[in-house]
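Count residues from 1 along the sequence.
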Amino acid sequence: MDNPIADLSPVQARVVREIIALVRRENWQAGAALPEVLLAEAIGTSRTPVKVALRHLATLGVARQDTNRRYMLARDAVALDDVVEDVAASPDDPLYLQIAEARQSGKLPEEVSEAELMRVFDVARSTLRKVLARISNEGWVEQRVGSGWVFLPMIDSPQAYEESYLFRQSVEPAALLSPWFKVDREELVKLRREQEFIVNGGYETMTAIELFEANSRFHETLALWSGNRFVLQTVRRLDQLRRLVEYRQAATRRQARHTQATEHLTILAAIERQDLIEAAGLMRKHLEDARRAKVYGSEGVFGDSGVQTNRTTS
């Protein structure tokens, strides 16, 4: 099967991946119920894409319906590696990734017309506009009068990547000290369980997408708890921009994912103790260590793009 999610929308494809990730994270056994309402709540979506995703998972042999037409898991979680590899082979809309990579590599100018994009990528205007609408929502392209588009700053260089981490260091620790900060206990349990799964071996078997999404889920949930809508918007947008760079990198830095998950658990423990000052300090160090490793260290996400890995930092 070349691309088992090619016929799904980006949202439906994401829900398919999220259901599989949930099943693997919780180590469900064949026969476990897959209730639409609970899955929608766990993933953070409506029931409609969950319905489509379950039907699709049935065609892949992951789910099946009982005599009452309720879905249940057809295979043990540990037996889904082949499906995970197939589903993860196309982590996103191909056109979206093509535009992102062309822009990051400098092949697309800052300003471009729809006609030029249609010619370069050989796509219909309707298909192009759907992807451009998504990119616009993510904040790295903006429409001009007529059919022109201008690309906005994105994480396309070591300096831009470092700037994003320095900015996060000013936002995320402060969010933990917000006067409106309030922990959702159920979400905390889910976060801790997911990070423990990564630490206890999940970092070796999870796909690059699963690892990145687990990382994003941790940071965005804490931003949500801050009670500050602008913090949440900021962290989400930075995650969207990081996603373009890190999807292709996460699988090669598995030990780093183990370290990050361990640090996440330490932060959650401080939050659970209601020691938010300690949690904020741990978050600042967590982001600083990640900045140094990814921009100047062996984890450099831009490879040979000019990062000086032997630079002394202080």
Side-chain angles (χ1 to χ4, degrees), residues 1-97 126-127 130-131 133-134 186-187 189-191 193-198 200-217 220-221 240 243 247-248 250-251:
M1 188 178 300
D2 294 333
N3 186 349
I5 55 175
D7 296 332
L8 302 180
S9 72
V11 171
Q12 293 164 351
R14 179 183 69 82
V15 173
V16 167
R17 292 193 296 267
E18 290 278 4
I19 291 175
I20 293 176
L22 175 64
V23 167
R24 279 159 50 86
R25 187 165 65 246
E26 301 293 338
N27 194 27
W28 289 355
Q29 305 300 303
L34 297 172
E36 294 174 7
V37 174
L38 294 182
L39 289 174
E41 181 180 342
I43 295 170
T45 187
S46 67
R47 291 177 62 181
T48 300
V50 171
K51 287 176 183 283
V52 175
L54 288 173
R55 285 200 300 268
H56 193 73
L57 287 170
T59 68
L60 299 178
V62 174
R64 61 182 176 83
Q65 287 183 305
D66 62 15
T67 55
N68 294 315
R69 303 191 63 79
R70 292 174 299 194
Y71 285 99
M72 59 180 57
L73 193 61
R75 296 156 60 181
D76 291 344
V78 295
L80 296 179
D81 288 353
D82 58 333
V83 178
V84 171
E85 288 297 324
D86 288 337
V87 169
S90 297
D92 222 314
D93 185 304
L95 178 58
Y96 172 88
L97 292 179
S126 58
T127 301
K130 287 180 182 178
V131 173
R134 173 187 171 182
E186 290 186 9
E187 289 181 348
V189 170
K190 291 177 183 177
L191 280 184
R193 189 161 56 229
E194 181 170 51
Q195 297 302 314
E196 287 174 345
F197 176 80
I198 295 172
N200 295 328
Y203 72 98
E204 295 181 315
T205 59
M206 294 169 70
T207 67
I209 296 174
E210 288 175 325
L211 289 167
F212 180 81
E213 295 300 339
N215 182 284
S216 297
R217 192 154 34 244
E220 290 178 20
T221 300
Q240 288 168 343
R243 187 173 282 111
Y247 264 175
R248 297 189 297 273

Discussion item. Using 0.5 Å steps for rounding, measure from the OG1 atom of T221 to the NZ atom of K190.
Written reply: 10.0 Å

Fill in: Non-hydrogen atoms of V23 and A77 that approach each other most closely
O-CB, 3.4 Å

Worksheet item: Closest approach of M72 and D66, non-hydrogen atoms and distance?
Response: CE-CB, 3.6 Å

Worksheet item: Is the shortest distance from a Lys or Arg side-chain nitrogen in R193 or E26 to a carboxylate oxygen in the other one below 4.0 Å?
Response: yes

Discussion item. Does this structure show an ion pair linking R17 with E213, if we count only N-O contacts that are shorter than 4.0 Å?
Written reply: no

Worksheet item: NE2 of H56 to CD of Q12: how many Å apart, nearest 0.5 Å?
Response: 9.5 Å

Worksheet item: What distance separates Y71 OH from I19 CD1, expressed to the nearest 0.5 Å?
Response: 10.5 Å

Practice prompt. Please list all pairs passing the salt bridge (Lys or Arg N to Asp or Glu O under 4.0 Å) test where one or both residues lie in residues 50-59, with sequence neighbours left out.
Written response: E36-K51

Discussion item. List the residues meeting side chain to side chain donor-acceptor pair (under 3.5 Å) with R75, not counting sequence neighbours, and say none if there are none.
Written reply: D82

Item to complete: Decide side-chain contact (heavy atoms from CB on, under 4.5 Å) for T45 and E18; before the verdict, give the C-alpha distance in whole Å, the side-chain angles of both, and the deciding distance to 0.1 Å.
Response: CA-CA 11 Å; T45 187; E18 290 278 4; over 6 Å; no

Fill in: Counterpart residues, ring pair (Phe, Tyr, Trp, His ring centres under 6.0 Å), relative to Y203 (two or more places apart)
H258

Worksheet item: For T205 and D81, what are the C-alpha separation, side-chain angles and deciding distance, and is it a side-chain contact (heavy atoms from CB on, under 4.5 Å)?
Response: CA-CA 8 Å; T205 59; D81 288 353; 5.7 Å; no

Discussion item. Any heavy-atom pair between the side chains of V15 and V52 that's under 4.5 Å?
Written reply: no

Worksheet item: Has K130 got more than 12 heavy atoms of other residues, nucleotides or ligands less than 6.0 Å from its NZ?
Response: no

Item to complete: Look only at the side chain of N68 and the backbone of R70, and say whether a donor-acceptor pair between them is shorter than 3.5 Å.
Response: no

Worksheet item: Rounded to the nearest 0.5 Å, what separation is found between the CG atom of L54 and the OG1 atom of T59?
Response: 11.0 Å

Worksheet entry | Nearest heavy-atom neighbours spanning F197 and R25 | CD1-O, 3.4 Å

Worksheet item: Quick one: CG on N215 to CD on E220, what's the gap to the nearest 0.5 Å?
Response: 9.5 Å

Practice prompt. Could you give me the CA-CA distance, side-chain angles and deciding distance for L73 and Q29, then say whether side-chain contact (heavy atoms from CB on, under 4.5 Å) is met?
Written response: CA-CA 7 Å; L73 193 61; Q29 305 300 303; over 6 Å; no

Discussion item. So does V84 get a backbone contact from the side chain of R24, meaning a donor-acceptor N/O pair under 3.5 Å?
Written reply: no

Item to complete: Might you point out which heavy atoms bring W28 and L22 nearest each other, and give the distance in Å?
Response: CH2-CD2, 4.0 Å

Worksheet item: Taking all atoms of both residues into account, what is the closest heavy-atom pair of G61 and A74, and its distance?
Response: O-CB, 3.5 Å

